Asker: 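What follows is a single structure, and I will ask about it in a moment.
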Amino acid sequence: MSSPVRKWILILTPLAALIARVATAAPAAPLKLPDFDTLAAKASESVNVSLDAGLLGIAGAFLDPNDPEDAGAKQLIAGLKGIYVRSYTFDRDITYPAAAVDMMRKQLEVPGWQRLVGVRKDKEHTTVDIYISVEQGKTNGLVIIAAEPREFTVVNIVGNVDLEKLRRLEGKFGIPKVPVPEGERPSGHL
């Protein structure tokens, strides 16, 4: 994702912690992700990660408990039921399958899901949407849909998502690392 989009995500995601306290319950199931084979065929790089609770447990066994970053990630995934990532990078500008993206957004229109962040930059042809699902004051799902002319990413995290600690999963399990210049990343937040 481009730097301006990342900056918006980094600035606005902490609002999720506040909204999570007042949101209503929603199902904690993974999204039905569309078949993105046509995007994958056009992509110069693609990431497809589907880790359910069992696979997360196996993946967590490979994290080094003596490494503070890995230990934090292992603690965070203990409350998760799944991580699903689809990310595609292209060598040229492409058109996204609008019907597939709309189908994902429709799944997030049920009671309990709330759109926290909606960033549209017409000049850059960029959109970022962040949705959250909360049950009894605890976040039980997070979805990020980010589209740029040369990159498309969907991240769906299912389970007890600690938004304050989520940053520890960057660069692990297919979740993109968000390289932000020093001083732009809010301390302690995604």
Side-chain angles (χ1 to χ4, degrees), residues 1-16 19-20 23-52 80-134 139-159 161 163 166 169-180 190:
M1 289 180 273
S2 68
S3 183
V5 173
R6 286 186 191 109
K7 185 174 181 178
W8 275 105
I9 290 172
L10 295 172
I11 291 169
L12 297 174
T13 299
L15 292 176
I19 293 172
T24 61
L31 288 179
K32 287 185 180 182
L33 295 176
D35 178 8
F36 288 123
D37 288 344
T38 55
L39 280 181
K42 296 176 186 177
S44 56
E45 180 181 327
S46 64
V47 174
N48 183 333
V49 175
S50 295
L51 298 172
D52 62 14
L80 298 182
K81 297 177 183 173
I83 296 177
Y84 306 90
V85 179
R86 304 295 184 269
S87 185
Y88 308 94
T89 304
F90 308 93
D91 291 331
R92 59 182 176 77
D93 292 1
I94 63 119
T95 303
Y96 301 99
V101 176
D102 289 343
M103 192 259 320
M104 282 189 304
R105 285 194 176 106
K106 288 239 185 270
Q107 295 176 62
L108 301 166
E109 291 176 0
V110 299
W113 280 103
Q114 266 189 292
R115 187 171 98 171
L116 295 178
V117 177
V119 178
R120 304 272 184 274
K121 292 193 169 203
D122 291 335
K123 192 173 186 179
E124 291 90 6
H125 304 287
T126 299
T127 62
V128 175
D129 292 302
I130 300 176
Y131 297 84
I132 190 168
S133 170
V134 176
T139 306
N140 67 357
L142 178 76
V143 174
I144 300 171
I145 303 170
E148 299 178 29
R150 295 189 181 200
E151 189 171 344
F152 179 76
T153 301
V154 176
V155 177
N156 179 206
I157 300 176
V158 181
V161 180
L163 297 172
L166 186 59
L169 289 181
E170 287 180 331
K172 293 176 176 44
F173 310 111
I175 296 173
K177 206 166 185 79
V178 183
V180 176
L190 176 69

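Every heavy atom of this structure was used, including side-chain atoms; hydrogens, water molecules and symmetry mates were not. Nothing here was measured: the structure is a model prediction, and the numbers come from that model.
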Asker: Rounded to the nearest 0.5 Å, what separates atom CD in Glu109 from atom CD in Gln107?
Answerer: 10.0 Å
Asker: Distance from Ile132 atom CD1 to Leu108 atom CG, nearest 0.5 Å?
Answerer: 12.0 Å
Asker: Can you sort out the partners of Arg92 under salt bridge (Lys or Arg N to Asp or Glu O under 4.0 Å), two or more places apart, ordered by chain and number?
Answerer: none
Asker: Could you pull out the closest heavy-atom pair between Glu151 and Ser87, with the gap in Å?
Answerer: OE2-OG, 4.3 Å
Asker: Give the minimum heavy-atom separation between Phe152 and Phe90, together with the two atoms involved.
Answerer: N-CE1, 4.2 Å
Asker: Rounded at 0.5 Å granularity, tell me how far OG1 in Thr126 sits from NZ in Lys121.
Answerer: 7.5 Å
Asker: Please name the pair of heavy atoms, one in Asn156 and one in Pro30, separated by the smallest distance, quoted to 0.1 Å.
Answerer: OD1-CA, 3.2 Å
Asker: Looking at every non-hydrogen atom in both residues, tell me the closest pair between Asp129 and Gly118 and how far apart they are.
Answerer: OD1-CA, 3.5 Å
Asker: Taking atom CD1 of Ile157 and atom CD1 of Ile83, what is their separation to the nearest 0.5 Å?
Answerer: 5.5 Å
Asker: Show your working on side-chain contact (heavy atoms from CB on, under 4.5 Å) between Met104 and Leu33 and close with a plain yes or no.
Answerer: CA-CA 7 Å; Met104 282 189 304; Leu33 295 176; 3.7 Å; yes
Asker: Salt bridge check, Asp52 against Lys81: does any charged N sit closer than 4.0 Å to a carboxylate O?
Answerer: no
Asker: For Tyr131, which residues count as a ring-ring contact (aromatic ring centres under 6.0 Å, His included) partner, sequence neighbours excluded?
Answerer: none
Asker: Do you know which two heavy atoms are closest between Pro34 and Ala100, and how far apart they sit?
Answerer: CG-O, 3.5 Å
Asker: Would you give the length of the straight line joining atom CG of Leu31 to atom CD1 of Ile145, rounded to the nearest 0.5 angstrom?
Answerer: 7.0 Å
Asker: Quick one: does Ser44's side chain have a donor or acceptor within less than 3.5 Å of a partner on Thr89's backbone?
Answerer: yes
Asker: Roughly how far apart are Met103 CE and Lys32 NZ, rounded to 0.5 Å?
Answerer: 8.5 Å
Asker: Taking all heavy atoms of Ser50 and all of Arg86, pick out the closest pair and write down the distance.
Answerer: OG-NH2, 3.0 Å
Asker: Does any non-hydrogen side-chain atom of Ile130 lie less than 4.5 Å from one of Arg115?
Answerer: no
Asker: Before giving the answer on side-chain contact (heavy atoms from CB on, under 4.5 Å), spell out for Tyr88 and Ile94 the whole-Å C-alpha distance, their side-chain angles and the decisive distance to 0.1 Å.
Answerer: CA-CA 11 Å; Tyr88 308 94; Ile94 63 119; over 6 Å; no
Asker: Do Val158 and Tyr84 come within less than 4.5 Å of each other through their side chains, counting heavy atoms only?
Answerer: yes
